Student: 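First the structure, then my questions, so here it is.
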Amino acid sequence: MKVDVIVLGAGMVGVSAALALQKRGRSVLLVDRGEPGEETSFGNAGVIEREGFVPVAFPRKLKALLRYGLNLSTEAHYHPAHLPKVVPWLMALRRNTDLPGIEAYAAANDLLCRHAVAEHRALAAEAGAERYFRQDGWIRLYRSAESYAEAGLLHRLADQYGVSYRVLEPAELAALEPHLRGRFHKAVLWPESDTVSWPGGVVKAYAELFRRLGGKVARGDARSLARAGDHWTVHIAGGSAEAPQVVAALGAWTTDLTSRLGLSFPLVPKRGYHMHFGAEGNAVLTRPVVDNDYGYVLTPMERGIRLTTGIEFADRDAPPTPRQLERLRPIARGIFPLAEDRDAAPWLGRRPALPDSLPVIGAAPGVPGLWLDFGHGHLGFTQGPISGRLLADLVTGEPAVVDPKPFRAERFFRA
């Protein structure tokens with residue numbers, strides 16, 4: 001099979017890149033070892049986040065450091081044997097998440113997030129996926145005056161970049177979500193963010209749109225990618241495929257490929273879990289809520305109420321250890337009447353994270369014909385469509401929709 005571009009990886013990022021290249025007249029083959037939307041894109045909180053101005057930062061306070069160090073936190077958990085591997089990344093994260101670093105991140109991330117909702121809505125309309133989308137925002141919950149005060153930087157940056165939010169007193173929160181319980185100091189509604197009821201279903205709908213428009217989807221192993229003259233080849237079910245251009249959008253698996261090609265990226269898989277639950281009686285949750293003090297999200301999904309955990313630092317392919325989920329069950333039941341488990345076992349995903357918390361979008365340095373679109377961390381579902389549009393602009397030489405400089409791979413290879 002000969003095409004103009006092979007896209008490796010059929011999550012939200014890869015499917016979006018394939019669609020964007022297709023819309024620019026390129027013949028595209030989308031390759032994955034499984035079906036579209038079955039890996040990391042399947043298991044997120046279902047939020048298309050407009051206000052992504054503050055990354056998950058390295059803790060500065062001694063109390064938090066002790067809690068994390070003793071592995072007592074619900075927000076983060078680590079495998080002790082994995083810690084030596086991740087310490088250099090954590091130190092780089094610490095350098096990148098001081099105040100100037102966060103402000104630089106906000107400026108770069110706003111380039112993508114300001115387009116995220118509109119790009120998703122356009123694709124959803126074309127793909128017939130509007131039924132998954134909700135346009136009533138999501139809520140961040142704060143249990144104490146201290147935790148609410150710590151959100152001041154997020155609110156300042158939202159004001160700076162013109163993103164609206166609404167601070168809710170407990171009575172106002174109860175009016176919006178009457179079945180939430182527990183005592184909260186404040187809550188904040190972010191109305192410019194869209195949410196979805198089945199993230200994996202959205203990716204599958206976008207992939208089906210790609211097929212309807214003439215795109216090809218094949219099972220294959222990205223690790224078989226090889227250079228053959230001025231083309232790339234990859235093994236797929238029933239044969240092989242060839243193209244002059246390849247896009248690596250493999251999330252946490254991207255470095256399996258790039259390391260073979262001489263490109264070493266400081267990518268860490270932030271593992272996370274989810275579980276679906278029923279709701280007691282007639283209890284209803286209408287939008288996602290973040291329990292900020294404990295670092296988890298409850299989201300109404302088609303399968304039930306999804307509890308999504310924070311971060312687990314462990315080898316990417318290590319067996320599941322959903323300790324955070326077990327710690328969070330009673331905490332989550334304290335704020336919403338969760339009922340029976342609806343999954344046989346917790347789901348495990350892997351968020352691809354770089355230490356500056358920004359993705360790589362653009363050409364692979366020193367590797368002609370290879371393009372990169374990975375490392376979106378917690379915002380891959382949010383930023384997939386706008387990242388795909390930017391990448392397609394760069395591949396085709398069209399004017400870039402946003403400034404690509406903050407996302408260039410070269411930032412990791414400076415002399």
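Because the structure is a prediction, the values reported are computed rather than measured.
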Student: What I want to find out is whether R303 reaches D343 closely enough, with some N-O distance under 4.0 Å, to be called a salt bridge.
Tutor: yes
Student: Tell me, with the steps shown, if D315 and K85 meet salt bridge (Lys or Arg N to Asp or Glu O under 4.0 Å).
Tutor: CA-CA 9 Å; D315 284 334; K85 299 179 183 178; 3.0 Å; yes
Student: Are the charged groups of D356 and R95 less than 4.0 angstrom apart, N to O?
Tutor: no
Student: When you look at R219 and E35, which way does the salt bridge (Lys or Arg N to Asp or Glu O under 4.0 Å) test go after all the steps?
Tutor: CA-CA 8 Å; R219 294 284 185 99; E35 290 297 314; 2.9 Å; yes
Student: Does any non-hydrogen side-chain atom of L263 lie less than 4.5 Å from one of F413?
Tutor: yes
Student: When you compare the side chain of D159 with that of L157, does any pair of heavy atoms fall below 4.5 Å?
Tutor: no
Student: Set out, in order, the CA-CA distance, both residues' side-chain angles and the distance that settles salt bridge (Lys or Arg N to Asp or Glu O under 4.0 Å) for R211 and E208, then state yes or no.
Tutor: CA-CA 5 Å; R211 286 189 179 100; E208 186 56 34; 3.5 Å; yes
Student: Counting only heavy atoms not in R323, do more than 12 fall under 6.0 Å of its CZ?
Tutor: no
Student: Please confirm whether F381 and H376 have ring centers closer than 6.0 angstrom.
Tutor: no
Student: Is it true that E39 and R33 have a side-chain N and a carboxylate O under 4.0 angstrom from each other?
Tutor: yes
Student: Check this for me: does any side-chain nitrogen of one of E192 and R114 sit under 4.0 Å from a carboxylate oxygen of the other?
Tutor: no
Student: Is D32 close to L30 at the side-chain level, that is, under 4.5 Å between some pair of heavy atoms?
Tutor: no
Student: Working to the nearest 0.5 Å, report the span between CG of L8 and CG of D373.
Tutor: 11.5 Å
Student: Under the criterion side chain to side chain contact (heavy atoms under 4.5 Å, CB included), I'd like the reasoning laid out for L154 against W190: C-alpha separation, chi angles, the key distance, then a yes or no.
Tutor: CA-CA 12 Å; L154 172 60; W190 295 89; 3.7 Å; yes
Student: Can you name the closest pair of heavy atoms from A124 and F133 and give their distance?
Tutor: CB-CE1, 3.6 Å
Student: Would you indicate whether R134, at its atom CZ, is surrounded by more than 12 heavy atoms from other residues, nucleotides or ligands within a distance under 6.0 Å?
Tutor: yes
Student: Inspect the contact between R24 and D4 and indicate whether a charged nitrogen and a carboxylate oxygen are less than 4.0 angstrom apart.
Tutor: no
Student: Would you say the side chain of L225 lies within less than 4.5 Å of the side chain of H235, judging by non-hydrogen atoms?
Tutor: no
Student: Quick check on side chain to side chain contact (heavy atoms under 4.5 Å, CB included): which of L307, L328, T309, T308 does Y273 satisfy it with?
Tutor: T309
Student: Could you tell me if the side chain of M1 sits less than 4.5 Å from the side chain of S240, heavy atoms only?
Tutor: no
Student: When the ring centroid of F374 is compared with that of F265, is the distance short of 6.0 Å?
Tutor: yes
Student: Is there a donor-acceptor contact under 3.5 Å from the side chain of T382 to the main chain of E49?
Tutor: yes
Student: Check R131 with E302, please: is the shortest side-chain N to carboxylate O separation under 4.0 Å?
Tutor: yes
Student: Using side-chain heavy atoms (C-beta onward) and a distance below 4.5 Å, is R140 in contact with E51?
Tutor: yes
Student: Determine whether I139 and V188 make a side-chain contact, defined as any pair of heavy atoms from C-beta on separated by less than 4.5 Å.
Tutor: no
Student: Ring-plane angle category for Y148 and Y142, please: parallel below 30°, perpendicular beyond 60°, tilted otherwise.
Tutor: perpendicular
Student: Test F42 against W347 for ring-ring contact (aromatic ring centres under 6.0 Å, His included), laying out the working first.
Tutor: CA-CA 9 Å; F42 180 84; W347 182 89; 5.7 Å; yes
Student: Less than 4.0 angstrom from a charged side-chain N to a carboxylate O is my criterion; do R121 and E119 meet it?
Tutor: no
Student: Hey, can you tell me if H155 and Y165 have their rings parallel, tilted or perpendicular (30° and 60° cut-offs)?
Tutor: parallel
Student: Does atom OH of Y294 have more than 12 heavy-atom neighbours, drawn from other residues, nucleotides or ligands, at distances under 6.0 Å?
Tutor: no
Student: Tell me whether the guanidinium CZ or amine NZ of R227 lies under 6.0 angstrom from the six-membered ring centre of W232 and within 45° of its axis.
Tutor: yes
Student: Give the intermediate values and the outcome of side chain to side chain contact (heavy atoms under 4.5 Å, CB included) for residues H79 and E312.
Tutor: CA-CA 8 Å; H79 288 189; E312 181 182 68; 3.6 Å; yes
Student: Counting only heavy atoms not in R94, do more than 12 fall under 6.0 Å of its CZ?
Tutor: no
Student: Step by step, work out the salt bridge (Lys or Arg N to Asp or Glu O under 4.0 Å) result for R223 and D221.
Tutor: CA-CA 5 Å; R223 294 171 298 182; D221 187 349; 3.1 Å; yes
Student: Just so I know, are the side chains of V56 and H378 near enough to count as touching, which here means a heavy-atom distance under 4.5 Å?
Tutor: yes
